[in-house]
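When a ligand or atom number is given, it counts from 1 through the structure's own listing order. The first residue of the sequence shown is numbered 1, and numbering continues consecutively from there. FYI, side chains are in, hydrogens and waters are out, and symmetry mates aren't considered; it's all heavy atoms of this structure.
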Amino acid sequence: MQDKHLDLIIEGGWLIDGLGGPRQRADVGVAGERIAAIGDLSGRAATRRLNARGKIVAPGFIDSHGHDDLMFVERPGLEWKTSQGITSVVVGNCGVSGAPAPLPGNTAAALALLGETPLFADMHAYFDTLRTQQPMINVAALVGHANLRLATLADPAATPTPEEQAAMERMLADALDAGAVGFSTGLAYQPGGAAQQDELDGLARVAATRGALHTSHIRNEGDDVEAAVDEVLSVGRNTGCATVLSHHKCMMPRNWGKSRATLANIDRARADGVDVAMDIYPYPGSSTILIPERADSIDEIRITWSVPHPECSGESLGDIAARWGCDKTEAAQRLCPAGAIYFAMDEAEVQRIFQHDCCMVGSDGLPNDAHPHPRLWGSFTRVLGRYVREAELLTLEAAIAKMTSLPARVFGLSGRGQLSVGAWADIVVFDADTVRDQATWESPTLPSVGVEHVLVNGQAVFPATKGMTRPGRILRRETPSA
Ligand SMILES: [Zn+2]
């Protein structure tokens, strides 16, 4: 049999397979959208050769927690992803997604995180538009529980009637049939926070029967974090639905250290057979909409956007309040609708959570923010530069597995997250000695350094070139064939 023609050989690099195995010297051959050969390919012909001598060649990173739902339409270049080596993203997190659109008159503050594009009627329409637009990177989508409530409940702040619950479950089933990989809850926000256990169990049952999962921004990440983790674990226990705890953290100094208990509870659930994973972003500050009730309890809050006061983006709430001659709560009220960064986490605890077996990396990046949290541009390269090279928290191979094969397994993205013959050619080439984030709290949109080449389905997406095609695909949840 003749060797298959290769479109590209990435030669001379150190291959890290994404499955946790030690790096090895190997060339990688790409034919079309797939990896066709791995090994010494010096004798093979190829249309193009890429010199990766001294560099790491790894599977493209999977961002397990994104909010780029509408950015595929609004800013389809997605440079904040490709420049840090991300080749796939899971969108629709924290209860909010690009579809379905609310009933007339229903709205929720958290939807403002997504962008300006009107929400789509349903996930079929969302995916149709993505297909027409051609995504730059691969995308797997969750449907937001807030969307389901807003699209079905006459009063989204209420408990659903049995008819409304049934309508939500039908809508979820329809979204999963359209290709959503699961549903997300944002129990810390309204209207998601109005949901009780029965409602969540009912939805999770629908997801479980279709092999889909439930991700959750839990009800409380501060004083009541332990109960909030247990609530979501119990949904998994009751229904058999696979569960992901989003951006797991313990906020406010008085709660630092509680992750010892939450991680123990997660371990117990896993030992009992509940399929649980989680994600973190590698920073001690969090970011979401501005919540005036938090203004007094967190010392440092920085504004990321504001509708009535766009000039305040990037400033600290304390400075704004001082200038306006009012207290921080009143300043926050005057800034809303707005977004903010909250400095209330312990870096050592973030690192401890990250090292847990089932913890992935999720940027939680907010590309629609005027002055975004730096996690948008720097999460993955920050892990490689700071957590691996500088702090030596874990090996490069183990860190890459957390960014590739682990999320591929959790979200059922078959043929992704590993470099092996037959796998999709999602590939990142980077310099392990120099790779790092540059985005900071002050300059949050600086691209990373050290990432040299990024391929999605065999096509180059970084560095960007003129006339570059957008090679991403919509990923459905599949269980890998044995
Ligand atoms: Zn969230």
Side-chain angles (χ1 to χ4, degrees), residues 63-71 89-98 108-115 140-150 181-195 200 213-222 224-225 228-229 231-233 235 243-252 255 259 262 276-291 293-294 298 301 304-305 337-345 349-350 353-354 359-369 372-376 379 407 410-411:
D63 185 351
S64 57
H65 190 109
H67 290 289
D68 309 271
D69 307 54
L70 301 180
M71 292 300 125
V89 61
V90 180
V91 300
N93 284 284
C94 303
V96 290
S97 56
L111 286 174
L113 298 176
L114 295 177
L142 301 157
V143 62
H145 167 240
N147 297 66
L148 296 175
R149 276 187 146 247
L150 294 166
V181 297
F183 75 107
S184 74
T185 50
L187 303 176
Y189 303 109
Q190 292 309 329
L200 299 175
L213 49 75
H214 168 213
T215 76
S216 187
H217 178 152
I218 61 176
R219 202 173 287 275
N220 188 288
E221 295 178 323
D224 299 321
V225 64
V229 166
E231 177 186 26
V232 170
L233 293 178
V235 175
T243 305
V244 175
L245 289 138
S246 296
H247 45 59
H248 188 39
K249 62 173 96 65
C250 302
M251 288 176 71
M252 315 286 290
N255 298 309
S259 67
T262 62
V276 188
M278 60 188 158
D279 60 75
I280 60 109
Y281 46 84
Y283 296 85
S286 60
S287 183
T288 181
I289 47 175
L290 177 61
I291 301 164
E293 293 72 37
R294 286 187 183 177
I298 296 175
I301 297 177
T304 53
W305 56 275
I341 294 168
Y342 303 90
F343 294 91
M345 280 185 265
E349 182 154 59
V350 176
I353 296 172
F354 175 62
C359 189
M360 309 177 282
V361 181
S363 72
D364 201 7
L366 297 169
N368 193 45
D369 288 9
H373 187 301
R375 66 194 185 197
L376 172 65
S379 285
V410 168
F411 291 97

(request) Mind listing the closest non-hydrogen atom pair of T304 and A340 along with its distance? (result) OG1-N, 3.1 Å
(request) Show all protein N/O/S atoms under 2.8 Å from the Zn ion (ligand 1), or state that there are none. (result) C94 SG, H217 ND1, H247 NE2
(message) Tell me the closest heavy-atom pair linking G362 and D63, and the distance in Å.
(response) CA-OD1, 3.4 Å
(request) List the atom of W305, the atom of P337, and the distance in Å for their closest heavy-atom pair. (result) CZ3-O, 3.4 Å
(message) Exactly one of K249, E221, H248 should register a side chain to side chain donor-acceptor pair (under 3.5 Å) with T262. Which one does?
(response) H248
(message) Quick one about H217 and S184 (side-chain donor to acceptor, distance below 3.5 Å, no hydrogens or angles considered), yes or no?
(response) no
(message) On a heavy-atom basis, which atom in V90 and which in F411 lie closest, and how many Å separate them?
(response) CG1-CE2, 3.8 Å
